[in-house]
Amino acid sequence: MKYRGVLKEHSGVLSLGLHLADWLSIVVASWCAYWLYLGDALMPERYIVVVLITILLAGMLFPRFSVYQAWRGASILEEVWLTSLAWGAVLLGLMTLAFTTKTGAEYSRGWLAILAVLGWVCLISSRIILRLILRWARRRGLNQRYVVIVGEAELGAEVVRRIQTAPWVGLKVIGFFQGGDAPISESVTGVSLCGGLEDVASFVEQKSVDQVWIAMALRDEGKVQWLLHELRHSTVDIRFVPDLFGLRLLNHSMMDVAGLPVINLSVSPMSGTNRWVKAIEDRFLALIILVLVSPLLLLIAIGVKITSPGPILFKQRRYGWEGKPITVYKFRSMVLHHEDDGVVTQATRNDSRTTRLGSFLRRTSLDELPQFYNVLQGRMSVVGPRPHAVAHNEQYKDLVDDYMKRHKVKPGITGWAQVNGWRGETDTVDKMKKRVEFDLYYIESWSLWLDLKIIFLTLFHGFVHKNAL
């Protein structure tokens, strides 16, 4: 007999083991850093005190970043990201303590720098090793959960398919029960049909079932309540999968608000820690870039002024975060002209209004450089959906579904749509739909690593593009 629930039964021990592994990682990293940088295998007492304080800070701060949650089914990148943030918070706390106690001069900065790097490597390595061990155990049935699905044909089949294509979560579907009115064949994506709602309780009682997943529409509340009543004597875990697959979701998740279970259907990823990370990333990059390109900015400003009468900068009202109007700066690339109120004629290829220098600036995206000042102001981000003119927003928000969801984040100088070729003139609704599709993918998938990837792609082929006007 395989003890497929052995890790579940000892989850408390597993959690304690993970805590100990983290503390051991800090000790090992501290000793290695001291030996590598100071060349001595014996650490003085004052350094040992720092190591103990670091462990204490980790014990206090790591749970705040949910690094000890159940990671079954979660991405390794998510775990690495939260662990990195937690370790950064520990280091920040350590430096704050050294500053307030004025004891920083007593310790080697080189040792602390190596500790920061080695500590991160050890913490991440221990988690990757643990994942590999758990994956090995699940392949051998040591940490698997047996699941039955109760639901409608289409929704239930989608749930089964997703579980089957994610074997690392350690779930195995052993039966399907018809919960809807639509007829179902003898099996659903390879899982045998075991009966209807009335058969679930007896099946759970006779078989080794860990979880019952109810995959039914919200309108079937009566059936769900009846099934819960039938399972009232069972200790099996029961999960409800609402029929949300037909909706366009944005960063959907479950959360608890004032004791109420709430499903987020469309929310911004820029909240909590993410908001601070994005803000620091934007200000840091914008400041560095503006310093580096300041001579180029001066040359372009002089060129714009002497080649065409009028102001150096072009200012335009556009929509920013949460749909609020902002003023966006660009180098002026067109001759001065007047348009009726509320009318914004989009630039086209070979536009007669564009100056010779302006044409070059637009092709190379150099006209966008003043927007790094918008980033320093906090109105824009380095990476995000490109802001459109107010008139264009009013035009497309009724023509393109979910268009206004682009404003769940700050607009950017470059974005996922732009590095994938969707930049320049959007003279058809289909082109705008495609751009919005890429923008929403960015918002749904946002991470610091995705931002860095987009910046990297922009540097190599994002500035000059055949679609640039």
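Predicted model only: the values in this text are computed from it and were never measured.
- Panel note: side chain K410, backbone G378; a donor-acceptor pair is recorded below 3.5 Å.
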Would you please test E437 and K433 for salt bridge (charged side-chain N to carboxylate O under 4.0 Å, His left out) and show each step?
CA-CA 6 Å; E437 178 184 329; K433 285 182 177 179; over 6 Å; no
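- Counting heavy atoms from C-beta on, the side chains of W111 and V50 come closer than 4.5 Å.
- In this structure, OG1 in T101 is found 8.0 Å from CD in E106, a value given to the nearest 0.5 Å.
- Residues S445 and L450 approach most closely at O-CD2, 3.6 Å, considering heavy atoms.
- Among residues at least two apart or in separate chains, salt bridge (charged side-chain N to carboxylate O under 4.0 Å, His left out) pairs with a member in residues 21-46 are D22-R127.
- Considering every non-hydrogen atom in both Q371 and K330, the closest pair reads NE2-CG, 3.2 Å.
- Atom CG of L112 is separated from atom OH of Y107 by 11.0 Å, given to the nearest 0.5 angstrom.
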Hey, mind stepping through V51 and Y34 against side chain to side chain contact (heavy atoms under 4.5 Å, CB included) and telling me if it holds?
CA-CA 11 Å; V51 175; Y34 192 85; over 6 Å; no
Would I454 and Q418 count as a side chain to side chain contact (heavy atoms under 4.5 Å, CB included) if you check the C-alpha gap in whole Å, the side-chain angles of each, and the deciding distance to 0.1 Å?
CA-CA 9 Å; I454 292 172; Q418 282 64 47; over 6 Å; no
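- Annotation: side chain of E281 is in contact with side chain of L448 (closest heavy-atom distance under 4.5 Å).
- For the side chain to side chain contact (heavy atoms under 4.5 Å, CB included) criterion with I149, the lone passing option out of I214, V191, I163 is I163.
- Minimum heavy-atom separation, I48 to M43: CD1-O, 3.8 Å.
- Once rounded to the nearest 0.5 Å, the distance linking CG of L123 with CZ of F62 reads 5.0 Å.
- Contact annotation: the side chain of K434 never approaches that of D430 to less than 4.5 Å [non-hydrogen atoms, C-beta and beyond].
- Closest approach of A29 and C122 over heavy atoms only: CB-SG, 4.3 Å.
- In this structure the side chain of E368 reaches within 4.5 angstrom of the side chain of R386, judged on heavy atoms.
- Side chain of R332 to backbone of P311: a donor-acceptor contact under 3.5 angstrom is found.
- Ring geometry for Y329 versus Y373: interplanar angle of 30 to 60°, hence tilted.
- Within the 4.5 Å cutoff, side-chain heavy atoms of L171 are placed close to those of W213.
- The environment of CZ in R283 is crowded: more than 12 heavy-atom neighbours from other residues, nucleotides or ligands sit within 6.0 Å.
- The distance from atom OG1 of T54 to atom CG of L91, rounded to the nearest 0.5 Å, is 7.5 Å.
- Using modelled atom types, no side-chain atom of K305 and backbone atom of I300 make a donor-acceptor pair closer than 3.5 Å.
- Residues N393 and Y403 meet the side-chain proximity criterion, which asks for heavy atoms closer than 4.5 Å.
- Atoms CD1 and OG, on I114 and S30 in that order, are 11.5 Å from each other to the nearest 0.5 Å.
- Annotation for V419 and W416: closest pair CG2-O, 3.4 Å, computed over non-hydrogen atoms.
- Of the candidates R318, R317, K315, T327 forms a side-chain hydrogen bond (donor to acceptor under 3.5 Å, both in side chains) with just one, namely R317.
- Put simply, the side chain of H407 never gets that close to the backbone of W321: no donor and acceptor are under 3.5 Å apart.
- The aromatic rings of W31 and W35 lie parallel to each other, their planes meeting at an angle below 30°, with 60° marking the opposite boundary.
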Show the numbers, then the answer: is there a side chain to side chain contact (heavy atoms under 4.5 Å, CB included) between Y37 and R109?
CA-CA 10 Å; Y37 192 74; R109 295 179 181 177; over 6 Å; no
What's the verdict on side chain to side chain contact (heavy atoms under 4.5 Å, CB included) for S84 and V80, showing C-alpha distance, side-chain angles and the deciding distance?
CA-CA 6 Å; S84 301; V80 168; 4.0 Å; yes
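- Residues V147 and D210 are not in side-chain contact: their nearest non-hydrogen atoms beyond the backbone lie 4.5 Å or more apart.
- Figure legend: R356 and F360 shown without cation-pi pairing, the cationic atom not lying both under 6.0 angstrom from the six-membered ring centre and within 45 degrees of its axis.
- Between L357 and G303, the shortest heavy-atom contact is CD2-C, 3.3 Å.
- Separation of atoms OG (S447) and OH (Y442) is listed at 8.5 Å; rounding is to 0.5 Å.
- Not one N or O on the side chain of D367 forms a donor-acceptor pair closer than 3.5 Å with the backbone of F331.
- Considering only heavy atoms from C-beta on, V328 stays 4.5 Å or farther from F314 through its side chain.
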